[in-house]
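Notes follow the structure.
Small disclaimer: the values here were computed from a predicted structure and weren't measured.
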Amino acid sequence: MHTSRRVLTLDEFTIQELRQFPAATGELSGLLREIGLAAKRINVEVNKAGLVDDILGDAGSVNVQGEDVKKLDLFANNQLISVLRNGIYCAGVGSEEDDDIIVFDDEVSNRSKYVVLMDPLDGSSNIDVNTTIGTIFTVYRRVSPLETPCTQKDFLQQGVKVVAAGYVIYGSSTMLVYATRRGVNGFTLDPSIGEFCLSHPKMRCPDKGKIYSVNYGNYPSYSQEVRAYLDACTYKTEENGGPYTMRYIGSMVGDIHRNLIKGGIFLYPGTASKPRGKLRLLYECNPMAFIMEVAGGMATDGTRRILEVVPEHLHQRSPLFLGSKSMMEDLLIKPGN
Ligand code: AHG
Ligand code: MN
Ligand code: MN
């Protein structure tokens, strides 16, 4: 990062944005700053994961590693909940790590107009192999009356109602990327000052891409349509926009972040035994779909726009297909349609 160039920090950026909207209350900006603070704390622990596991932990057994991985999941969850509970901008949280919603239910929280859904640590099976992981969050305006505790209904909203969504990627550097309807912006953590600095303003997903990301091991159990699309990707030639390249980390935040920047498509289809796939609608699919759409891409569950799906349960799963517009159109417009 150039030290001579003056870059905006996340706090400065959200304040600049606010200055353009004199009527804005600053509550969303405040909430994003709180999430940024939790992300920095999680980042510190994520960077120490190998150290704790190999040196300070109970020496290398598979079980201990398993518990350490679990610990980091829970650490991330607790950090986010504690920052949001002690802050003043969030009325409650829905998390992958908790069966039910967490209603803060105190005088200040009940006055807050937002609720947050989150996957505190995504791709956690990658922790013990030192590969990219992430944190995903979604912000909704509550539908329950202010001055009362938030309710389940506040969380079971369609994706079209998302106010802001983002992720933190703990990769070769740590970045926070978030979208509001106004755009997607990416901030890289500058460890020397401990601040997220605007490094990727106004992110756009290229209309055309050459990367496809899917768990090819599941190929035999995908539908005929998905298999046909994957075959078409594999056999793309220069004449029809190829050749394509296949990239799959198994960490959705990493896979989608790469495709958002370079152009590409990410698929997590249903299978014969799991028709709804693996990913969770409310805290994995919706936030990524929102970010991708704001960046100019598309996201569906194979038939419907992800953001229009009406949620029934906090932890419901959905197939997910998202990425560059023209690749998504290729997927959706099948020969003969
Ligand atoms: P989580 O760690 O929160 O449970 O999510 C992992 C998800 C996602 O990040 C990734 O795309 C997917 O699981 C990978 O699943 P497969 O191993 O089945 O491909
Ligand atoms: Mn996840
Ligand atoms: Mn997770």
Side-chain angles (χ1 to χ4, degrees), residues 1-3 5-18 20 28-29 31-43 46-47 76 80 116 118-123 131-139 162-207 209 211 213 247 249 251-266 283-284 286-299 322-325:
M1 193 173 294
H2 297 279
T3 42
R5 189 161 59 94
R6 177 77 175 87
V7 285
L8 284 180
T9 67
L10 176 64
D11 291 5
E12 287 173 327
F13 178 82
T14 56
I15 288 162
Q16 293 280 326
E17 290 270 290
L18 264 182
Q20 295 179 33
L28 181 61
S29 307
L31 184 55
L32 289 166
R33 291 199 296 272
E34 288 180 357
I35 293 171
L37 170 64
K40 283 191 262 186
R41 290 187 173 156
I42 296 167
N43 181 60
V46 164
N47 283 323
L80 280 155
V116 172
M118 64 196 194
D119 179 353
L121 218 51
D122 175 72
T131 304
T132 300
I133 50 177
T135 294
I136 310 172
F137 60 90
T138 317
V139 179
V162 168
V163 172
Y167 57 82
V168 183
I169 177 166
Y170 312 98
S172 38
S173 63
T174 298
M175 274 186 76
L176 186 150
V177 173
Y178 84 87
T180 63
R181 260 157 238 289
R182 289 168 45 76
V184 186
N185 290 284
F187 302 81
T188 302
L189 184 64
D190 179 348
S192 64
I193 55 169
E195 293 283 358
F196 285 107
C197 297
L198 182 63
S199 53
H200 294 61
K202 301 191 180 88
M203 293 171 79
R204 302 291 298 169
C205 181
D207 270 358
I211 300 172
S213 306
R247 292 281 183 273
I249 309 172
S251 178
M252 184 177 65
V253 170
D255 282 311
I256 295 177
H257 179 70
R258 179 197 53 241
N259 293 3
L260 173 68
I261 290 176
K262 296 195 165 190
I265 189 167
F266 173 92
Y283 43 81
E284 293 182 318
N286 267 341
M288 291 310 197
F290 180 81
I291 295 164
M292 196 50 88
E293 284 201 8
V294 175
M298 290 172 67
L322 92 179
S324 293
K325 194 159 172 282

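Residues satisfying the salt bridge (charged side-chain N to carboxylate O under 4.0 Å, His left out) test with Glu195, not counting sequence neighbours, are Lys40. Take Pro191 and apply the side chain to side chain contact (heavy atoms under 4.5 Å, CB included) test, not counting sequence neighbours, and it matches no residue. Residues passing the salt bridge (charged side-chain N to carboxylate O under 4.0 Å, His left out) test with Arg247: none are found, sequence neighbours excluded. In this structure Tyr283 satisfies the ring pair (Phe, Tyr, Trp, His ring centres under 6.0 Å) test together with His315, sequence neighbours excluded. Every side chain to side chain donor-acceptor pair (under 3.5 Å) that Tyr170 has, sequence neighbours left out, goes to Thr135. In this structure Arg41 satisfies the salt bridge (charged side-chain N to carboxylate O under 4.0 Å, His left out) test with no other residue, sequence neighbours excluded. Take Glu293 and apply the salt bridge (charged side-chain N to carboxylate O under 4.0 Å, His left out) test, not counting sequence neighbours, and it matches Arg305. The ring pair (Phe, Tyr, Trp, His ring centres under 6.0 Å) test applied to Tyr167 returns His257, not counting sequence neighbours. Residues satisfying the side chain to side chain contact (heavy atoms under 4.5 Å, CB included) test with Ala165, not counting sequence neighbours, are Thr138, Val162, Pro287, Phe290, Ile291. Considering only residues two or more places apart in sequence or on other chains, Gln16 meets the side chain to side chain contact (heavy atoms under 4.5 Å, CB included) condition with Leu8.
Across Ala295 and Leu260, no two heavy atoms sit closer than the pair CB-CD1, 3.6 Å. Between Val163 and Leu28, the shortest heavy-atom distance links the atoms CG1-CD2, 3.8 Å. Heavy-atom minimum distance, Val7 versus Cys197: CG2-CB, 3.7 Å. Considering all non-hydrogen atoms of both residues, Ala164 and Thr180 come closest at CB-CG2, 4.1 Å.
Side-chain N or O atoms of Thr188 include none that pairs as donor or acceptor with a backbone N or O of Ser199 at under 3.5 Å. No side-chain donor-acceptor contact under 3.5 Å links Ser324 to the backbone of Gly263. Between the Asn43 side chain and the Ala39 main chain, no donor and acceptor come within less than 3.5 Å of each other.
Judged as a salt bridge (charged side-chain N to carboxylate O under 4.0 Å, His left out), the pairs with a partner in residues 252-262 (not counting sequence neighbours) are, in order, Asp255-Arg258. Applying the salt bridge (charged side-chain N to carboxylate O under 4.0 Å, His left out) definition to pairs two or more places apart or across chains, those involving residues 163-189 are Glu17-Arg182.
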